[in-house]
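Atoms within each ligand, like the ligands themselves, are counted from 1 in listed order. In this text, all values refer to a predicted model and were calculated from it rather than measured experimentally.
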Amino acid sequence: MLLGPPGAGKGTQAQIIADRLGVPAISTGDIFRANVSGKTELGLRAKGYMDAGDLVPDEITVAMVKDRLAEPDAKGGFLLDGFPRTIAQAEQLRDSLRELGQTLDCVLEMVVEEDELVRRLSGRRVLVDGEWVQRDDDKPETVRHRLQVYREQTAPLSGWYESERLLTRIDAIGAIEEITERAMGALEACGDRRPDGPVAG
Ligand code: AMP
């Protein structure tokens with residue numbers, strides 16, 4: 001699982017790492033955005049929270065992830081990006097994985113200082129239907145609020161996973177390829193700690 005504040009580069013790294021490991025990247029932000037553009041019921045329920053930079057309520061988010069993890073492509077492993085984001089989500093994830101006979105092997109925390117995050121997020125543009133646009137929730141006021149939500153609700157997961165001995169922190173400043181190498185190295189080290197051997201490499 002990738003843990004880290006908005007703008008740390010989780011989405012970028014999740015795609016690359018998942019590709020290398022041959023597992024699906026499961027990004028709750030991407031699933032929500034797809035549902036918002038598709039105007040599904042889930043999307044309509046999530047949109048207001050997302051636009052405000054708030055977390056979508058746990059019951060909606062957890063049910064969505066449970067369904068996703070039960071899909072056949074996640075049986076051989078998966079990479080979580082942007083989930084869990086609260087201690088309650090982490091507890092429910094642990095229970096769901098237990099039911100599925102899976103375990104979380106490794107949590108990588110991508111560390112970037114806050115000034116750099118603000119710079120990255122306010123300058124970020126995403127490609128939508130051939131055009132580069134700013135995400136509504138990357139507007140300056142919303143960015144500040146999302147970082148506050150991260151500090152209050154998500155950052156405590158760092159200590160939680162540390163006490164579960166699953167956490168590795170990596171410096172997430174540098175070139176994309178450099179950060180991928182740091183992440184892959186950290187994942188291999190997690191794999192070596194598993195009773196059934198390495199997860200990566
Ligand atoms: P992201 O692309 O990961 O920054 O997610 C965009 C938005 O989707 C967040 O600001 C939240 O509104 C919502 N979201 C994504 N993941 C979660 C989650 N695990 N729990 C609650 N809301 C989430």
Side-chain angles (χ1 to χ4, degrees), residues 1-18 24-70 74 78-97 104 107-112 114 116-128 132-158 160-161 166 172 179 183:
M1 166 214 166
L2 297 184
L3 176 68
K10 296 186 300 297
T12 303
Q13 293 297 334
Q15 298 287 341
I16 303 173
I17 297 168
I26 301 179
S27 157
T28 41
D30 284 352
I31 304 176
F32 280 132
R33 277 185 291 277
N35 277 279
V36 170
S37 354
K39 299 201 164 54
T40 66
E41 198 189 316
L42 176 68
L44 294 176
R45 289 173 76 193
K47 188 176 184 323
Y49 300 102
M50 295 173 73
D51 286 348
D54 284 320
L55 294 184
V56 177
D58 286 345
E59 58 274 19
I60 301 178
T61 310
V62 171
M64 178 178 92
V65 173
K66 267 180 120 166
D67 287 348
R68 181 64 188 85
L69 286 173
F78 49 82
L79 182 69
L80 290 172
D81 156 26
F83 181 90
R85 255 170 152 108
T86 63
I87 299 273
Q89 288 180 9
E91 286 169 346
Q92 292 181 68
L93 172 65
R94 191 182 49 196
D95 297 346
S96 305
L97 289 177
L104 193 61
V107 177
L108 295 189
E109 180 177 353
M110 299 181 61
V111 179
V112 179
E114 193 154 325
E116 171 67 13
L117 295 171
V118 175
R119 261 197 304 279
R120 287 186 187 182
L121 290 166
S122 18
R124 171 161 82 175
R125 297 293 182 275
V126 290
L127 194 59
V128 179
W132 292 97
V133 296
Q134 184 171 45
R135 269 171 53 171
D136 282 337
D137 60 353
D138 282 345
K139 305 264 149 75
E141 325 74 71
T142 320
V143 162
R144 273 189 292 276
H145 182 62
R146 285 164 66 209
L147 290 171
Q148 184 194 347
V149 167
Y150 183 82
R151 276 195 303 273
E152 289 173 2
Q153 303 194 56
T154 309
L157 284 175
S158 173
W160 200 78
Y161 281 122
L166 289 176
I179 297 164

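Selection from A14, A88, G29, A52 by nearest heavy atom to atom 5 (O) of ligand 1 gives G29. With atom 7 (C) of ligand 1 as the reference point, the heavy atom nearest to it among K47, H145, M64, M50 is part of M50.
Taking every non-hydrogen atom of R146 and a distance limit under 4.0 Å, the qualifying atoms of ligand 1 come out as 4 (O). Here is the list of ligand 1 atoms found below 4.0 Å of a heavy atom in R135: 1 (P), 2 (O), 4 (O), 6 (C).
Contacts with ligand 1 closer than 4.0 Å are made by no heavy atom of Q153, backbone or side chain. By the criterion of a heavy-atom distance under 4.0 Å, neither the backbone nor the side chain of K10 is placed next to ligand 1. Residue contacts with ligand 1, taken as heavy atom pairs separated by less than 4.0 Å, involve T61 solely via side-chain atoms from C-beta onward.
In this structure, S122 and R125 approach most closely via the heavy-atom pair O-NH1, 3.3 Å. I17 and A183 make their closest contact through CD1-CB, 3.6 Å (heavy atoms, listed as atom of the first residue, atom of the second, distance). The two residues M1 and L79 have their closest heavy-atom pair at N-CD1, 4.2 Å. Closest of all the heavy-atom pairs between L147 and P5 is CD2-CB, 4.4 Å. Residues M110 and A8 come closest through the heavy atom pair CE-O, 3.3 Å.
A donor and an acceptor atom, one from each side chain of H145 and D54, are located under 3.5 Å apart.
More than 12 heavy atoms of other residues, nucleotides or ligands shown are found within 6.0 angstrom of NZ on K139. Annotation for R45: atom CZ does not count as buried by contact number, only 12 or fewer foreign heavy atoms lying within 6.0 Å.
Considering only non-hydrogen protein atoms, atom 20 (N) of ligand 1 sits nearest to Q89 NE2, 2.9 Å. Nearest to atom 23 (C) of ligand 1 among the protein's heavy atoms is F32 CE1, 3.8 Å. Ranking protein heavy atoms by distance to atom 6 (C) of ligand 1, first place goes to R33 NH1, 3.5 Å. For atom 15 (C) of ligand 1, the closest non-hydrogen atom on the protein side is R85 NH1, 3.5 Å. In terms of protein heavy atoms, atom 19 (N) of ligand 1 is closest to G82 O, 2.9 Å. With hydrogens left out, the protein atom closest to atom 11 (C) of ligand 1 is D54 O, 3.5 Å, a heavy atom.
Side chain of T142 to backbone of D138: no donor-acceptor contact under 3.5 angstrom is found.
Taking any N or O of V56, backbone or side chain, at least one lies under 3.5 Å from an N or O belonging to ligand 1. Any N or O atom pair closer than 3.5 Å counts here, and D30 shares no such pair with ligand 1. Taking any N or O of T28, backbone or side chain, at least one lies under 3.5 Å from an N or O belonging to ligand 1.
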Requested in this report: Could you go through the side-chain contact (heavy atoms from CB on, under 4.5 Å) check for E109 and Y161 one step at a time?
Outcome: CA-CA 10 Å; E109 180 177 353; Y161 281 122; over 6 Å; no

